[in-house]
Amino acid sequence: MVQLIPEITLNDGLKLPVIGLGTYKLKGKEGVNSIISAVESGYRLIDSAYNYENEGTIGEAVRRSAVPREELLITSKLPGRYQTYEKAVTTIQESLYRANLDYYDLYLIHWPNPKQDTYVEAWQALIEAKKSGLIRSIGVCNFLPEHMERLEKETGAKPSINQIELHPFFNQATQRKWHEENNISTESWSPLARANQVFQNDTIQKIADDHNKSISQIILRWHYQLGAISIPKSSSPARQLENISIFDFSLNDTEMSMISGLTRPDGRINNQDPAFYEEF
């Protein structure tokens with residue numbers, strides 16, 4: 001059964017489904033099969049990164065899938081070690097060669113790495129790659145408002161999307177409000193918090209019981225009603241289908257507030273604060 005997933009329109013006109021497939025650690029033959037099963041269930045947005053070392057797996061799944069390439073939306077990300085302009089230009093090309101794709105629908109700078117202070121020239125490379133047709137839409141991950149303001153001020157180009165850590169224990173209310181005010185879409189990585197802790201939470205379990213839904217479905221519905229695009233990872237066909245079967249119910253304002261109220265100052269999974277954290 002193929003689920004139809006609603007779409008969000010980015011500030012450059014590209015339409016993205018509100019749920020995509022995260023692919024971290026999905027590699028090789030098993031990874032290809034997992035991605036194909038997700039596409040067969042209705043997923044069209046596939047999230048990857050250069051540092052996941054699985055762009056080839058993504059590309060192979062695209063080629064084997066019965067769904068035409070133009071109906072799929074493939075994301076990859078530029079790693080911190082290649083943020084100089086020249087290295088970024090080459091890395092985008094290498095990303096495409098690895099996947100054997102002619103273009104990426106979405107390409108993101110993975111982390112701002114502010115101590116290195118090269119994210120603006122990396123952004124210039126993404127702008128040029130978009131102009132030359134290698135990328136349809138360009139965005140960022142883990143950028144703070146000051147980083148994105150600087151991109152627009154120095155290049156005139158605003159990110160279409162910012163992929164950030166977002167889950168019930170870290171609801172990013174201030175960052176999401178800034179995104180909304182500046183017409184930048186929010187995408188949630190680790191939307192289910194990557195941890196068993198969230199699945200033991202009594203508050204979410206009670207809401208799940210009331211709706212006769214799983215905890216995952218409640219959390220992903222919460223993301224959807226926040227206006228965020230979520231990219232849950234699963235290799236299980238049954239779980240993949242469960243994760244996108246969230247459009248036949250809704251959470252009321254009280255339930256939304258209860259889930260958002262689970263946030264905490266130390267809610268980040270690995271304490272990866274973009275103001276300081278660097279990834280190469």
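Values below: all heavy atoms of this structure, side chains included; hydrogens, waters and symmetry mates excluded.
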Any sub-3.5 Å donor-acceptor pair from Asn54's side-chain atoms to Leu26's backbone N or O?
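Yes, because the side chain of Asn54 sits within donor-acceptor range (under 3.5 Å) of the backbone of Leu26.
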
Ignoring hydrogens and geometry, is there a side-chain-to-backbone donor-acceptor pair from Glu40 to Pro237 under 3.5 Å?
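Answer holds: no.
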
Presence of salt bridge, Lys177 and Glu180, under 4.0 angstrom:
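Lys177 and Glu180: not salt-bridged.
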
Basic-acidic side-chain contact under 4.0 Å: Asp105, Arg69
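Counted as a salt bridge, because a side-chain N and a carboxylate O are separated by less than 4.0 Å.
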
Listed by chain and number, what are the salt bridge (charged side-chain N to carboxylate O under 4.0 Å, His left out) partners of Asp102, not counting sequence neighbours?
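Partners of Asp102 by the salt bridge (charged side-chain N to carboxylate O under 4.0 Å, His left out) criterion come out as none, since no residue qualifies.
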
Would you verify whether the NZ or CZ of Arg150 falls within 45 degrees of the ring axis of Tyr119 while also being under 6.0 Å from that six-membered ring's centre?
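Ring-cation test returns yes.
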
Would you tell me whether Gln116 and Gln83 have side-chain atoms, one donor and one acceptor, within less than 3.5 Å of each other?
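Note: Gln116 and Gln83 side chains miss the donor-acceptor criterion.
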
Under 3.5 Å side-chain donor-acceptor pair for Asn142 and Glu279
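Checked: Asn142/Glu279 side chains show no N/O donor-acceptor pair below 3.5 Å.
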
By side chain to side chain donor-acceptor pair (under 3.5 Å) - contacts of Arg98 (at least two apart)
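Result, side chain to side chain donor-acceptor pair (under 3.5 Å) vs Arg98: Tyr50.
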
I'd like to check the side chain to side chain donor-acceptor pair (under 3.5 Å) partners of Arg268; sequence neighbours left out, ordered by chain and number.
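Expected list: none.
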
Other ILVMFWY residues reachable from Val89 by side-chain steps of under 4.5 Å:
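Reading the cluster by chain and number, Val89 sits alongside Tyr85.
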
Quick one: does Gln175's side chain get under 4.5 Å of Ile164's, heavy atoms only?
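They are in side-chain contact.
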
Check whether any side-chain heavy atom of Leu10 lies under 4.5 Å from a side-chain heavy atom of Arg136, and answer yes or no.
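Leu10 does not reach Arg136 side chain to side chain.
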
Suppose the criterion is ring-ring contact (aromatic ring centres under 6.0 Å, His included): which pairs have a residue in residues 256-280, not counting sequence neighbours?
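Counting only pairs at least two positions apart or across chains, the ring-ring contact (aromatic ring centres under 6.0 Å, His included) contacts touching residues 256-280 are Trp111-Tyr277.
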
In terms of relative ring orientation, are Phe169 and His167 parallel, tilted or perpendicular, with 30° and 60° separating the classes?
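Geometry flag for His167 against Phe169: perpendicular rings.
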
Partners passing side chain to side chain contact (heavy atoms under 4.5 Å, CB included) against Glu255 (at least two apart in sequence or in another chain):
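If we apply the side chain to side chain contact (heavy atoms under 4.5 Å, CB included) test to Glu255, skipping adjacent residues, the hits are Ile207, His211, Leu251, Asn252.
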
